[in-house]
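Let me begin by presenting the structure, written as structure tokens, before commenting on it.
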Amino acid sequence: MSNETAPAMDYDSHERTYEGFINFSKVGTIAVLNIVLCLILFSFGGTTAVVFGALMVLATIVASGIGVALGANGWVPPAVVFGLTGVLCILLV
């Protein structure tokens, strides 16, 4: 049997890791849904829809990077891009 004791858990580090995981999950889910909308633009739209779909994919990447960096409210930038892509889907498809 070991005579050593286990080190105490670092709860602050645990909380930061958990909050980062939750934030990444929210941002990632919205980004994936936005990519699905962009695929709809690519598949069922004309030339204009394909151009806007490509722009929205780039906007999704940028907004997701900003969202991960923001922290707790990081879901807002990808959600704005998701809303704009949804409006474009309605208008162009």
Side-chain angles (χ1 to χ4, degrees):
M1 227 153 85
S2 176
N3 291 332
E4 298 177 24
T5 60
M9 185 171 162
D10 186 7
Y11 286 103
D12 292 332
S13 176
H14 173 73
E15 289 293 325
R16 282 193 313 270
T17 302
Y18 178 74
E19 291 298 325
F21 171 76
I22 294 298
N23 182 41
F24 184 76
S25 297
K26 290 188 282 189
V27 170
T29 300
I30 296 171
V32 167
L33 291 173
N34 198 17
I35 295 296
V36 169
L37 286 180
C38 290
L39 289 173
I40 291 171
L41 285 172
F42 293 146
S43 298
F44 301 115
T47 305
T48 306
V50 171
V51 170
F52 278 117
L55 290 174
M56 290 298 107
V57 167
L58 292 175
T60 299
I61 293 169
V62 170
S64 297
I66 292 170
V68 169
L70 281 180
N73 291 329
W75 61 272
V76 175
V80 170
V81 174
F82 178 74
L84 182 60
T85 306
V87 169
L88 287 172
C89 279
I90 291 169
L91 294 176
L92 298 176
V93 175

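Quick caveat, the model's predicted, so the values are computed rather than measured.
Closest non-hydrogen pair, F24 versus V68, comes out as CD1-CG2, 4.0 Å. Looking at every heavy atom in both residues, I66 comes nearest to P77 through CG2-CG, 4.1 Å. Contact detail for M56 and V81: the closest heavy-atom pair is O-CG1, 4.2 Å. Scanning all heavy atoms of the two residues, the minimum distance from C89 to I40 falls at SG-CG2, 4.3 Å. Contact detail for G74 and L70: the closest heavy-atom pair is CA-CB, 3.9 Å. Among all heavy-atom pairs drawn from N34 and T85, the shortest one is OD1-OG1, 2.9 Å.
Distance check, rounded to the nearest 0.5 Å: OG1 of T48 to CG of L91 gives 11.5 Å. Considering CZ of F82 and CG of L37, their distance stands at 4.5 Å, rounded to 0.5 Å. Atom OG1 of T17 sits about 12.0 Å away from atom CD1 of I22, to the nearest 0.5 Å. Atom SG of C38 sits about 11.0 Å away from atom CG of L33, to the nearest 0.5 Å.
Counting heavy atoms from C-beta on, the side chains of F42 and V57 come closer than 4.5 Å. With contacts defined as side-chain heavy-atom distances shorter than 4.5 Å, the pair T60/P78 does not qualify.
No single ILVMFWY cluster, assembled from side-chain heavy atoms under 4.5 Å apart, contains both V27 and I61. Transitive grouping of hydrophobic side chains (ILVMFWY, heavy atoms separated by less than 4.5 Å) brings L92 and L55 into a common cluster. In the hydrophobic clustering of this structure, L58 does not group with L84; members are Ile, Leu, Val, Met, Phe, Trp, Tyr whose side-chain heavy atoms approach within less than 4.5 Å, directly or through other members. If you chain together hydrophobic residues whose side chains sit under 4.5 Å apart, L88 and F44 fall into the same group.
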